Amino acid sequence: MGLNRKDLLGVKDLTVDEIRLILETAGPMKDIIGRQIKKVPTLRGKTVINLFYEPSTRTRTSFELAGKYMSADTINISTSTSSVVKGETLKDTAKTLEVMGADVVVIRHAAAGAPHILSKHLSAAVINAGDGFHEHPTQALLDMFTIKEKKGSISGLKVAIVGDILHSRVARSNIWGLTKMGAEVRVVGPSTLIPPEVEKLGVTTFTSLEEGLRDTDVIMVLRIQLERQQKGLFPTIREYARHYGVTAERVRLARPDALVMHPGPINRGVEIAPEVADGIQAVINEQVTNGVAVRMALLYLLAGGGNPHEAIS
Ligand code: CP
């Protein structure tokens with residue numbers, strides 16, 4: 001059984017059953033990553049194009065590896081060396097890639113809604129790899145996979161999402177996903193970095209980091225997005241770190257077996273102390289590995305279909 005949809009544009013419009021299917025499919029995919037020879041023929045003859053209008057290390061590389069591990073042809077288009085610099089529109093660029101044979105277009109764009117526009121114009125599957133402040137669905141799915149892998153279930157867990165909620169597409173997708181899967185979600189940060197009316201999404205807000213972390217099962221630390229920062233949202237980086245930096249002492253307020261997560265890239269010593277990022281409760285590297293497995297699952301479900309257990313043989 002595949003996903004009964006052409007595209008993956010956001011977590012907001014995924015059903016609980018669809019999220020479960022993606023997470024369950026990622027399990028067997030992770031087995032492939034652990035093999036000595038990481039290659040199955042599942043997507044032979046399929047073409048995956050990564051079209052990234054913003055920088056990326058983890059997402060772009062993991063989609064490339066995910067496609068390669070399943071024998072798809074994967075191509076990366078960097079906008080700085082493409083005809084985008086000559087003024088070609090997003091739609092014309094994507095249509096050009098499709099008529100060359102793309103089966104899946106993975107897009108990251110600074111404009112919220114860019115993947116949704118493409119999805120209307122392409123018959124190829126479109127996967128949102130991050131659109132503006134809106135959504136980063138594959139990050140939330142890999143985060144949920146990691147939580148489920150470590151904790152057995154998501155339902156009933158207390159999850160604190162800490163930091164720059166306002167500018168974070170990761171936070172938005174995780175709020176949609178984690179609340180659907182039954183977690184109790186808290187958003188924690190200075191009031192200037194918490195979107196107004198976020199509580200309508202079913203979360204509780206905390207402006208005190210200490211109160212927000214107390215008794216949580218998962219601490220999800222967000223990057224302070226210096227490149228998106230408007231002036232005046234907090235006094236200085238040093239001041240932010242003093243009040244909202246996740247230190248070892250603050251982690252002790254959470255449950256003793258709490259997971260510490262971060263989507264990366266991390267600003268060491270700003271939103272997370274180095275000893276926490278490298279500590280035994282951190283699952284940041286596992287998140288990266290799981291990102292490959294979840295993206296394999298998505299490519300398979302959108303471009304392949306069939307039984308995932310047959311897909312990995
Ligand atoms: N987490 C994340 O999206 O990382 P990249 O920007 O490196 O892809």
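From a predicted model like this one, the values you see are computed outputs, not experimental measurements. When a ligand or atom number is given, it counts from 1 through the structure's own listing order.
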*What's the shortest distance from atom 6 (O) of ligand 1 to any protein heavy atom, and which residue and atom give it?*
R108 NH1, 2.9 Å

*Could you check atom 4 (O) of ligand 1 against the protein and tell me its nearest heavy-atom contact, residue, atom and distance included?*
R58 NE, 3.1 Å

As an exercise, identify every atom of ligand 1 less than 4.0 angstrom from a heavy atom of [X].
{"X": "H136", "result": "2 (C), 3 (O)"}
{"X": "P263", "result": "1 (N)"}
{"X": "T57", "result": "5 (P), 7 (O), 8 (O)"}
{"X": "G264", "result": "1 (N), 2 (C), 4 (O)"}

*Can you tell me how far CG of L213 sits from NZ of K158, rounded to the nearest 0.5 angstrom?*
13.0 Å

_Salt bridge E197-K200, side-chain N to carboxylate O under 4.0 Å_ = yes

*Establish, for the pair R108 and F52, whether the NZ or CZ atom is under 6.0 angstrom from the six-membered ring centre and no further than 45 degrees off its axis.*
no

*Using distance alone, determine whether R60 and ligand 1 share an N or O pair under 3.5 Å.*
no

*Strictly under 4.0 Å, does any heavy atom of G130 approach an atom of ligand 1?*
no

*asked:* Assess, by modelled atom type and distance only, whether the side chains of S80 and S78 contain a donor and an acceptor separated by less than 3.5 Å.
replied: yes

*Could you check whether the rings of H109 and Y53 sit parallel, tilted or perpendicular, using 30° and 60° as the cut-offs?*
tilted

*asked:* Does any part of the side chain of T15, heavy atoms only, come nearer than 4.5 Å to the side chain of E18, both counted from C-beta?
replied: yes

